[in-house]
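The structure appears below as structure tokens.
Note that ligands are numbered from 1 as they come in the structure, with each ligand's atoms numbered from 1 the same way. What you are looking at is a predicted structure, and each value in this text was computed from that prediction instead of being measured.
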Amino acid sequence: MEESDETLIIDGAATAEKVRGEASEMLKAARENGVEAGLAVILVGEDPASQTYVRLKTKDAAECGIRTFDHRLPVQTTQAQLEALIDECNADPDVHGILVQLPIPDQLDPEAAIARISPEKDVDGFSPDSLGRLVRGLDGMRSCTPAGIMRLLEEYDIDVSGQHVVIVGRSTIVGKPLALLMLNADATVTVCHSKTSGLADICREADILVAAVGRPCFITGDMVREGAVVIDVGINRTERGTFGDVDFDSVAPRCSAITPVPGGVGPMTRAMLMLNTAHAASAVSAQL
Ligand code: NDP
């Protein structure tokens with residue numbers, strides 16, 4: 001990254017468009033080889049945020065040339081019914097990726113549902129197989145949000161090797177897989193959570209600070225070292241609007257680069273889903 005006094009605003013929307021372009025190219029090559037990529041989208045219940053995410057993902061897929069198979073299940077769906085549908089999608093040669101939109105209703109076990117997805121169709125990268133492959137440093141589907149963050153940093157020539165990366169949040173979909181991706185890229189990683197003591201002091205040690213907390217404006221300027229890179233994963237919908245986990249106004253002037261909300265990590269998550277689906281279809285195409 002070039003030295004400058006100005007804070008760089010990392011443009012996730014532009015990078016996402018580039019990633020979708022790459023996915024489209026891969027999908028075109030697969031199509032020319034007779035493989036039309038298909039993504040099964042499973043939505044259980046009526047959660048409005050989930051409905052919005054599914055709508056956006058379906059739109060992205062159409063733009064990239066991925067066929068979607070829409071499965072809307074009622075809120076009272078049983079585990080057996082959900083798993084039967086996943087089995088059906090696993091067996092369907094027209095389906096290359098399977099997405100179970102989370103959260104699912106309380107009577108259902110998300111761990112069992114996700115573990116049911118065939119590893120080669122696990123385009124969200126949440127399954128035990130995908131996460132195990134990540135731990136072992138093997139090729140496999142990577143979770144979309146962490147992979148999107150790595151791609152954003154790469155795109156802006158922000159080298160993580162030897163850097164101290166502090167991640168606030170240890171969820172299985174963001175914090176933990178991101179810690180592993182960062183470790184695999186030779187960063188020194190600290191993962192913080194709700195029981196961490198001295199959080200602000202640890203955050204101030206970060207060369208790269210990632211906030212995946214789920215609390216609006218949680219990271220404030222006094223928690224950020226001058227010149228740090230700040231990645232805001234948070235999407236917090238409040239009555240006053242949507243906010244990240246970072247208090248942009250107090251943090252941005254202190255750091256060298258920052259992702260905005262919206263327009264930072266969010267678009268990358270959806271773009272990486274398209275790229276994972278393109279990889280899944282290409283892998284099938286390569287076997288023909
Ligand atoms: P989770 O609720 O699963 O995890 C939140 C993490 O933050 C937990 O590890 C929790 O600690 C930690 N935490 C909570 N409060 C504190 C605190 N006071 N101090 C330190 N750590 C704390 O959230 P997700 O990882 O699923 O999501 C995080 C945020 O990212 C949300 O805003 C979500 O909407 C957003 N998100 C955005 C995506 C995108 O595409 N941009 C994709 C996925 C999520 P503990 O483990 O101890 O409970």
| remark: CD1 (Ile117) and CZ (Phe126) are apart, to the nearest 0.5 Å, by 9.5 Å
| In Å and rounded to the nearest 0.5 Å, what is the OG1 to CZ distance from Thr15 to Arg20? |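 Going from OG1 on Thr15 over to CZ on Arg20, the span is 10.5 Å.
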| message | Using side-chain heavy atoms (C-beta onward) and a distance below 4.5 Å, is Leu134 in contact with Asn184? | response | yes
| field | 4.5 Å side-chain heavy-atom contact, Leu85 and Glu88 | value |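 Side chain of Leu85 against side chain of Glu88, heavy atoms only: contact under 4.5 Å found.
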Ligand 1 atoms in contact with [X] (distance to a heavy atom under 4.0 Å):
| X | answer |
| --- | --- |
| Thr145 | 40 (O), 42 (C) |
| Gly214 | 28 (C), 29 (C), 31 (C), 32 (O) |
| Gly266 | 40 (O), 41 (N) |
| Gly169 | 6 (C), 7 (O), 9 (O) |

| task | Can you pull out the closest protein heavy atom to atom 36 (N) of ligand 1? Residue, atom name and distance to 0.1 Å, please. | result | Val233 O, 3.7 Å
| Thr259 versus Gly264, closest heavy-atom pair with distance | CB-CA, 4.1 Å
| note | For Ile98 and Leu39, the nearest pair of non-hydrogen atoms, with its separation, is N-CD1, 4.2 Å
| message | When you measure from the side chain of Asp232 to the backbone of Asp245, do you find a donor-acceptor pair of N or O atoms at a distance under 3.5 Å? | response | yes
For ligand 1, is there an atom lying under 4.0 Å from some heavy atom of [X]?
| X | result |
| --- | --- |
| Gly175 | no |
| Cys192 | no |
| Val213 | yes |

With heavy atoms under 4.0 Å as the rule, classify the contact between [X] and ligand 1 as side chain, backbone, both or neither.
| X | result |
| --- | --- |
| Val174 | side chain |
| Thr269 | side chain |
| Thr196 | neither |
| Arg215 | side chain |

| query | Is the shortest N/O to N/O distance between Ile235 and ligand 1 below 3.5 Å? | reply | yes
| field | Ser194-ligand 1 polar pair, N/O distance under 3.5 Å | value | yes
| field | Any side-chain donor near an acceptor of the partner, His96 and Thr277, under 3.5 Å | value | no
| request: Please determine, by modelled atom types, if Asp222 and Thr220 share a side-chain donor-acceptor pair under 3.5 angstrom. | output: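 Per modelled atom types, Asp222 and Thr220 side chains form a pair under 3.5 Å.
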| note | Looking at Arg170, Met268, His193, Met272, the heavy atom closest to atom 20 (C) of ligand 1 belongs to His193
| Out of Pro103, Gly148, Ser171, who gets a non-hydrogen atom closest to atom 1 (P) of ligand 1? |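 Checking each option, the heavy atom nearest atom 1 (P) of ligand 1 is found in Ser171.
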| Does Asp60 come within less than 4.0 Å of Lys57, counting only side-chain N to carboxylate O? | no
